[in-house]
Amino acid sequence: MPSIRRPALAAAALTAALALTATACGPSDDEAAGSNKPSAAASQKGDEGLELPKNLPSSLKDLEKWKNGAWKNWDKEQWLREARDFVNPIIKDHWKPDTMKEARPSDKTLATQGAPGTAPGASGDQGVTDPEPQPVQAKSVAVPYHNNAAPVGKVFFDSPEGHMVCSATVVKDPAHPGKSNMVWTAGHCVHAGKKGGWYRNIAFVPSYNDKGLPGAQVNSAPVQDVAPYGVWWADWAQTSSQWIAQGAETGGAGAPYDFSVLHVKPEAGSGKSLEETVGNALTVDFNAPQVKSIQSMGAWGYPAAAPFDGQKMYDCIDRPSRLTIESSQPTMYRIGCTMTGGSSGGGWFAKGPDGKVVLVSNTSIGPANSTWLAGPHLGPEAQGVYNAISQKFAKR
């Protein structure tokens, strides 16, 4: 049995900060479609709420074929050509309880290469790799999730391999205080890296499976139990140029830049923002202190690879250490954790200078035996991605 290190006071503080901070109200079935404006690329609109961007690939312009399942017929070479542009039209009812349940973890990045040792003469965090941490057993989050981890949810998307899933977090938008529609996840949950392009049908479901129902019951559960606040489609996504240029199935040199921000809108809703709907959003800290100054850090997510099934939310809380992939690149955070594939993209939280819990990283890579997780240190590149998304929708 691996040793379990879970600082009780720190864990309580982190968990409390994820609870609702406002009265959250999910969309009702009879409410009209949300009033969020479409992205700049959207100019055409088909029936049943399907929005077609101007740059929709020619092979997908046949609306009837698309609605009747053309999205399933992936040609990898064609996808690699077309996926240079972000294209993500809403397909109503594409993500239903059964398709959500069957989505598989995308985390081939969770079988990473061994890390190098500490760089000679390294000071601070740069270039340092600490001894591998002891595993921390993932702990199930108390239900209902919207009361205990309101900003956390799952990202669903389609790749050439089928329905895929990651984890994600609602974050604040400086351009829309209290009314954010921004979601933080991993770069490899939206873009395949240097050998691929943007994934398709990317959507976020906050408080997925809110009551923590067993997997066998999810297919037949009412949709309000599986997606209590609805399905939110990404109308824009952005990741780092480093991930696009260097990202690989095992993380590769792009791992320290493996982060992404989504801007989302509801498939159907009252016009309220995501933050208003779920009742909470976290501040992103782009200037977190060195590892030695952080007493406790927690990772939240929905692990989906064995022994987990992706239907329940878990967390791991540990004192972070350092992991260096390449000495010239930023050092990553690392914590002991037994969460598996599917947890990628899930937020890492710590107490900020003012004592409030903030998002400081996201799950990116880990070993094949699932004893630890590593996530990027969010610096200028991450802040640039975040600011670009905020500014793009600042006047909408």
Side-chain angles (χ1 to χ4, degrees), residues 18-20 23-31 33-34 48-49 69 71-72 90-106 138-158 162-170 183 185 189 201-234 264-270 272 274 277-280 300-315 339-346:
L18 293 176
L20 293 173
T23 301
C25 181
S28 64
D29 291 337
D30 58 353
E31 286 177 324
E48 299 185 14
W71 59 268
K72 296 179 181 178
I90 290 177
I91 304 176
K92 188 177 180 181
D93 295 328
H94 175 74
W95 293 112
K96 297 182 291 187
D98 58 340
T99 49
M100 292 180 195
K101 182 188 172 185
E102 74 179 36
R104 298 179 292 112
S106 66
K139 181 181 178 181
S140 58
V141 175
V143 296
Y145 298 144
H146 76 268
N147 280 343
N148 297 288
V152 181
K154 294 181 76 169
V155 166
F156 296 91
F157 58 96
D158 286 322
H163 299 319
M164 297 292 177
V165 68
C166 278
S167 302
T169 308
V170 184
V183 175
T185 188
C189 299
N201 304 328
I202 302 170
F204 175 66
V205 176
S207 296
Y208 172 81
N209 191 18
D210 194 37
K211 299 178 180 178
L213 298 174
Q217 298 179 23
V218 170
N219 280 3
S220 58
V223 68
Q224 60 265 29
D225 288 346
V226 180
Y229 299 116
V231 177
W232 296 72
W233 287 73
V264 299
K265 59 182 176 182
E267 182 173 305
S270 64
K272 290 182 179 179
L274 177 60
T277 300
V278 304
N280 201 351
W300 266 252
Y302 286 83
F308 307 97
D309 65 359
Q311 304 310 306
K312 296 184 179 181
M313 189 190 303
Y314 290 81
D315 68 67
M339 284 199 287
T340 59
S343 63
S344 268

Undergrad: Any donor-acceptor pair under 3.5 Å linking the side chain of Asp225 with the backbone of Lys211?
TA: no

Undergrad: Do Pro206 and Trp232 have side chains that get closer than 4.5 Å, going by heavy atoms?
TA: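 When only atoms from C-beta onward are counted, Trp232 and Pro206 do touch, with a gap below 4.5 Å.
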
Undergrad: Taking all non-hydrogen atoms of both residues, which atom of Phe157 and which atom of Ile202 are closest, and how far apart?
TA: CB-CG1, 3.8 Å

Undergrad: Which atoms form the tightest heavy-atom contact between Val205 and Val231, and what is the distance?
TA: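 Taking Val205 first and Val231 second, the nearest heavy atoms are CG2-CG2, 4.1 Å.
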
Undergrad: So Trp233 and His94, would you call those rings parallel, tilted or perpendicular, with 30° and 60° as cut-offs?
TA: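 Because their plane-to-plane angle lies in the 30° to 60° range, the rings of Trp233 and His94 count as tilted.
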
Undergrad: Let me confirm one number: the CD-CG distance from Glu267 to Asp93, rounded to the nearest 0.5 Å.
TA: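 Reported to 0.5 Å precision, the distance equals 5.5 Å.
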
Undergrad: Would you give the length of the straight line joining atom CG of Asn219 to atom NZ of Lys96, rounded to the nearest 0.5 angstrom?
TA: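 Asn219 CG to Lys96 NZ: 11.0 Å, rounded to 0.5 Å.
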
Undergrad: Can you find a heavy atom in the side chain of Phe204 that is under 4.5 Å from one in the side chain of Leu274?
TA: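 Contact flag for Phe204/Leu274 side chains = yes.
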
Undergrad: I need the minimum non-hydrogen distance between Ala221 and Leu213, along with the two atoms involved.
TA: CB-CD1, 3.6 Å

Undergrad: Has the side chain of Lys92 got a donor or acceptor atom that lies under 3.5 Å from a matching backbone atom of Ala268?
TA: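 Not a single qualifying donor-acceptor pair exists.
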
Undergrad: Less than 4.5 Å apart, side chain to side chain, heavy atoms only: is that true for Trp300 and Pro151?
TA: no

Undergrad: Nearest 0.5 angstrom please: Met313 CE to Lys139 NZ, how far?
TA: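 Answer for the CE-NZ pair, Met313 versus Lys139, is 14.0 Å.
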
Undergrad: Could you tell me if the side chain of Val165 sits less than 4.5 Å from the side chain of Met100, heavy atoms only?
TA: no

Undergrad: Ignoring hydrogens and geometry, is there a side-chain-to-backbone donor-acceptor pair from Asn280 to Ala150 under 3.5 Å?
TA: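 Not a single qualifying donor-acceptor pair exists.
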
Undergrad: Under the side chain to side chain contact (heavy atoms under 4.5 Å, CB included) rule, what do Asp309 and Lys101 come out as? Steps first, then yes or no, please.
TA: CA-CA 9 Å; Asp309 65 359; Lys101 182 188 172 185; over 6 Å; no

Undergrad: Decide yes or no for Tyr229 and Ser207: does some side-chain heavy atom of the first lie under 4.5 Å from some side-chain heavy atom of the second?
TA: yes

Undergrad: Are the side chains of Thr340 and Pro307 in contact, using a 4.5 Å heavy-atom criterion?
TA: yes

Undergrad: Is the backbone N or O of Pro144 less than 3.5 Å from a side-chain atom of Asn148, with the two atoms forming a donor-acceptor pair by type?
TA: yes

Undergrad: Using every non-hydrogen atom in the two residues, find where Val183 and Ala168 come nearest and quote the distance to one decimal.
TA: CG1-CB, 3.5 Å

Undergrad: Verify whether one side chain among Tyr208 and Gln311 offers a donor that lies under 3.5 Å from an acceptor in the other.
TA: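 Yes, a side-chain donor-acceptor pair sits under 3.5 Å.
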
Undergrad: Under 4.5 Å between any side-chain heavy atoms of His163 and Asp158, yes or no?
TA: yes

Undergrad: Should Val152 and Tyr145 count as side-chain neighbours, where that means a heavy-atom distance under 4.5 Å?
TA: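 They are not in contact (no side-chain heavy atoms under 4.5 Å apart), so the answer is no.
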
Undergrad: At their closest point, which heavy atom of Ser167 faces which heavy atom of Gly342, and how far apart are they?
TA: OG-O, 2.8 Å

Undergrad: So which atom in Pro97 and which in Val218 form the shortest heavy-atom distance, rounded to 0.1 Å?
TA: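 In this case the closest contact between Pro97 and Val218 is CB-O, 3.6 Å.
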
